[in-house]
Each structure stands twice: as structure tokens, then as C-alpha cells.
There are 2 protein chains.
Amino acid sequence: MDIVPLIDYMQKFVELEPQEVEIIQKHTSLRNYLKGQFVVQQGDVCRHESFVVEGCLRTFYVDEKGQEHTVMFAIENWWTADLGSFLTQTPAHYNVQCLENTKVIQFSHTNLENLYLQVPKMERFFRIILQRAYVASERRLVRSYSLTAKERYLKFRQDYPLIEQRVPQYMIASYLGITKEFLSKIRNQLILEQ
Amino acid sequence: MDIVPLIDYMQKFVELEPQEVEIIQKHTSLRNYLKGQFVVQQGDVCRHESFVVEGCLRTFYVDEKGQEHTVMFAIENWWTADLGSFLTQTPAHYNVQCLENTKVIQFSHTNLENLYLQVPKMERFFRIILQRAYVASERRLVRSYSLTAKERYLKFRQDYPLIEQRVPQYMIASYLGITKEFLSKIRNQLILEQ
DNA sequence: AAAGAAGGTTAAACTAGTTTAATCTAAGTC
DNA sequence: GACTTAGATTAAACTAGTTTAACCTTCTTT
């Protein structure tokens, strides 16, 4: 059974009966992507919500001036999608690209809506997941206003040491809302300080 | 029945049976606050999630340097709380203060957990509400990085014309992540442009 | 009507972070 | 082993937004 990592993850939040696990399995699909491939492309409708089994992805947005803004990273046991696009099945604002070869478990929109009806516990599960996601997003917003770039970088390193190792610096810079040149300067300062 | 505004709002997302409405009523309480009063104070545990029936509130955070950062505003038909604090029943990072005399419908933490068990539709309801809140929060974050202060201000005016009328400018400035002086400058520019 | 509060404006000096552009490094690939 | 390509660094000139400080406006209170 290939959805074991997802079920293990879900069991942390809700208790699932064997028959529920079976229904969940019928409503998901597995997919492998190569490094560089896109799970979602800006302008297309986001067809799936993906649970990362293995690999690393980046969600980013290219603005009118052509600048890239990294919205989030996702590694093992994280969820990724352009949620706004997925929920309303309208064109995506964001791109989701694999930074490594990546294995995901996916829910299509109709399958997920169906699953909510057949396994009401899924409502509870996603309610809990979304609460956490919302709180995290709000905290990040507050930090973006109340901390300097250097403080945000230190916080990022502390919160996501595993991600820092796996992604290029210019993506971290755009996640922090600064240029790669300025991140480079900050890093240099930090080395000199010690 | 005093929870009519809440029920009307909920019916937009889920269909409620009369007996469910009754259970919901038993798990909520009504409360009136005067202008200036605090619904949540930084450092205290946030005991309630509040649905605004009438009035206007601001969620803000005072950082170590003593600076205020406005996290959100809430008016009629919005929800407010320090959700992170409410969910984990740990000290709040934020203050929620009434900017006008305000009437809310509140769920305590235990009542809400109870209600989830008695009326499973509540899970669905909050799942949907949280999806929207998360998407909105993510969009605001992207804007904070990709737009200039002036662009953010114009967007705010466009998105929340009702709020703009009701709250002082220095709070809008801190919501936009800029100083009141700079907002004043932007407003002056906008007048000159026309 | 005088006196505070609370909010808003203006302007000069300043700084955190950007822009531009050149150089460096390392890894793949022909 | 030379040649792209992708990423990282450095530094000088610049700018969006901050800081400080003084002043203005309006409403509330007495």
C-alpha cells in the first residue's frame, strides 16, 4: 500500500478505521515528478492537492515586473497546491515546481469533495490542518512587518534548517522578501560577527 | 433568538436543521463591548472565538521595540480571535480591541470542541471558512512582498472601502506595514495626481 | 471659551534594502 | 580539458520608506 505515509500523517490528527483508509486510497493517486517539472503553472487551473512523500517543491509567483516571489517551500509530510485555484477551480496565481525528483499523493477536486461526503472525518482533518496553516501564515505576515531582513533570515534558518540545506539561496532571498545580493551581504555580516 | 446573524451567515456554507441551530445556540454566548475594551490581551489566553454582529475591532501586536503592528480588522460578519492562542489555549501574541461599541457571538474552546462532536457540520463550516482565511492571508503576504506601499494602500482601499471609513489612518498605516507619516505622504501624492 | 487628547501633516536628515554591473565558483557536458 | 550554465559574491550609486521633531486640526471636557 503506497499511501502509508499519508495515513501515518493523518493518524496524528484523527483516528481512521481500516475501511476509511480503503476509501481514502480509492480517492487518491500517486505521482512522480522529475526535478524541474511543474505540479501547477500560473494561469492553469490547479487540479490537485498534493501530499509530499519524498522530494522538495517551491511555490512561487512571477509579478508584472518579472520578479519571482517564493510563497512557500514543501518537503516530506507537507501539503502543496495553489489552494485558491484548487478550491474554486479557476486559474492559478502561483507555480509549484519540483526542486528535486519528487513523489506525491494527490487528491483531485472531485475526489476530495466526494471523500468529504464518504469520510466526514476528512473535514475534521483538513479543518485542523488549515487552522495550523492559517496561524503560520499570519505569523509570517507579522514577522515580515516587524522584523528586519537579518532577523527574518535567522528565524528562517532556525525554523527550517532542513529546507535551508536543500534550496538555492536566491530562492530563500525571495522567500524572505529581499534580493539575493542583500541576503549575500547579511550572510557575510553573520560570518564576520562570529 | 439572538444568534440569527450567525445562523444566516453559516447557512451560506452549510445547511442547518432546526435542531442543529438549537444546539449551536446552547453552545454560544452573546457579549457587548464598549469602544476601547479588549476582547483579547497579549499575554492572556484567548478564551473565545468571536463572530461580529455589530461593531469594529482591530487585532494588533506590540513588538519588543514598542511598535504596534495591525494584524487585521474585523467588522460585521467577520470572525476574530488570536486563533493560535485559542486553539492551543496558550498566551496570546495579539491584542483584539474594539474600535466601536461592539456586539459579538462567542464560542468558548470547550463549547466549540463539544459542538464539533454534536454537530459534525461545524467541522465542514470551519474547514471552509479557514480555507478562505488561509488563501486571503497568503495573498496578503505575497502583496506585502511584491507591491509598493502605494500599491498596497490602493488595494486596501479597493478591497475594504467600508473599513477605511471606520478606522484611523495610523492603524491603516500599521496594517500596510508603513509609518503614518509615509501614508500621509502617499495620500498627498494621490491627491496631487488627480 | 480654554485646555487637553487624539489624530493628521510637513519637511529634513537618515538608513535598510535595491539596482546595476562586474567577477567568481562549481558543476555538468561536449 | 575547454565551454556553457546556474548560482553566489562584491561594491558603488541609488531610492523607498523611516526617524525625528515641530506644527496643525478637531473633538471632548470642563
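We name chains A, B, ... by the order of the sequence lines, and we start the count at 1 in each one. Treat the numbers as computed from the prediction; the structure is a model and nothing was measured.
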Rounded to the Å, how far apart are B:Glu151 CD and D:dG17 C1'?
14 Å
How long is the line joining NZ of B:Lys180 and C1' of D:dT19, in whole Å?
10 Å
Whole Å only: how far is the CG atom of A:Leu183 from the P atom of C:dG17?
12 Å
How close or far is atom P of D:dT15 from atom CD of B:Gln189, stated in whole angstroms?
14 Å
So, is B:Gln169 close to the C:dT9 phosphate, meaning a side-chain N or O under 4.0 Å from OP1 or OP2?
yes
Pick from A:Arg139, A:Arg143, A:Arg140: which one makes a salt bridge (charged side-chain N to carboxylate O under 4.0 Å, His left out) with A:Asp159?
A:Arg143
Indicate, with yes or no, if the rings of A:Tyr175 and A:Phe156 have centres closer together than 6.0 Å.
yes
Measure from the side-chain heavy atoms of A:Thr148 and tell me the nearest of C:dT10, C:dG17, C:dT19.
C:dG17
Send over the distance from A:Leu192 CG to D:dT9 P, rounded to a whole Å.
12 Å
Using a heavy-atom cut-off of 4.0 Å across all strands, would you classify A:Tyr170 as base, sugar-phosphate, or nothing?
sugar-phosphate
Is it the case that B:Asp82 and B:His93 place a side-chain donor and acceptor less than 3.5 Å from each other?
no
Heavy atoms from C-beta onward define the side chain here; which of C:dT10, C:dT19, D:dG7 lies closest to that of A:Pro168?
D:dG7
When you get a sec, tell me which of D:dT9, D:dG17, C:dA16 is the closest nucleotide to the side chain of A:Phe182?
C:dA16
Starting from C1' on D:dA16, measure out to OH on B:Tyr145 and report it in whole angstrom.
17 Å
note: B:Lys185, atom NZ; D:dT20, atom P; distance rounded to Å ~ 16 Å
Among D:dT18, C:dT10, D:dT9, which nucleotide sits nearest the side chain of B:Glu181?
C:dT10
Donor-acceptor contact below 3.5 Å, side chain B:Gln42 vs main chain B:Val62
yes
Between C:dA21, C:dT10, C:dT9, which nucleotide gets closest to the side-chain atoms of B:Arg187?
C:dT9
From OH of A:Tyr153 across to C1' of C:dG17 the rounded distance in Å is 17 Å
Is B:Asn188 near enough to C:dT9 that one of its side-chain N or O atoms lies under 4.0 angstrom from OP1 or OP2?
no
Which angle, to the nearest 10 degrees, lies between the helix axes at the two ends of the helix from C:dA1-D:dT30 to C:dC30-D:dG1, each defined by five pairs?
30°
Do A:Phe73 and A:Tyr160 have ring centroids that are under 6.0 Å from one another?
no
Honestly, is A:Arg127 close enough over B:Tyr116, meaning NZ or CZ under 6.0 Å from the six-membered ring centre and within 45° of the axis?
yes
Using the six-membered ring wherever Trp is involved, compare the ring planes of A:Trp79 and A:Phe126 and label them parallel, tilted or perpendicular (cut-offs 30° and 60°).
perpendicular
